[in-house]
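Have a look at the structure below, then the notes.
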Amino acid sequence: MFTYRKKCSLCHEVKTGVPITGDFGHTCLECIVFSYRETLAEEDQDNEQLNEELGITFGRGE
């Protein structure tokens, strides 16, 4: 599953990672974790904005 000493397609450093299907090549574990956290943060922000538009509040004591 893991590949060693390959150049990451995102950060271009030689690190342990995983092969990605298609034309993406190899992605290191650090870039995978960073991308995952960034995606979660964007999703949380989108959810908060949607909740505000719909007038939904959670745990704010309102």
Side-chain angles (χ1 to χ4, degrees):
M1 178 174 169
F2 291 105
T3 53
Y4 303 93
R5 299 183 186 182
K6 285 205 166 191
K7 189 174 184 179
C8 176
S9 298
L10 300 175
C11 69
H12 307 290
E13 294 183 27
V14 177
K15 297 181 180 179
T16 298
V18 293
I20 304 297
T21 57
D23 295 330
F24 295 108
H26 169 83
T27 304
C28 75
L29 300 176
E30 290 178 29
C31 285
I32 291 171
V33 170
F34 176 78
S35 297
Y36 178 74
R37 288 181 178 163
E38 190 174 75
T39 300
L40 285 180
E42 288 173 4
E43 188 174 307
D44 286 345
Q45 187 177 11
D46 290 345
N47 287 341
E48 287 179 16
Q49 183 179 2
L50 181 58
N51 289 342
E52 286 178 16
E53 290 174 10
L54 296 174
I56 300 172
T57 58
F58 296 97
R60 294 184 184 165
E62 295 177 8

When every non-hydrogen atom of S9 is compared with those of G25, the smallest separation belongs to OG-CA, 3.7 Å
Just so I know, are the side chains of Q45 and Q49 near enough to count as touching, which here means a heavy-atom distance under 4.5 Å? no
Check your understanding: Checking H26 side chain against K15 main chain: does a donor-acceptor pair fall under 3.5 Å?
Key -> yes
I'd like to know if L50 and I56 are part of one continuous hydrophobic network [Ile/Leu/Val/Met/Phe/Trp/Tyr, side-chain heavy atoms within less than 4.5 Å]. yes
| request: Answer with yes or no whether the hydrophobic clustering places I20 together with V33; edges join I, L, V, M, F, W, Y residues whose side-chain heavy atoms lie under 4.5 Å apart. | output: no
Margin query: Quick check on the hydrophobic clustering: are I32 and Y4 connected, directly or via other members, by side-chain heavy-atom contacts under 4.5 Å?
Written below: yes
d(T16 OG1, R5 CZ) to nearest 0.5 Å is 8.5 Å
Heavy-atom closest pair (T27 atom, C8 atom, distance to 0.1 Å) is CA-SG, 3.9 Å
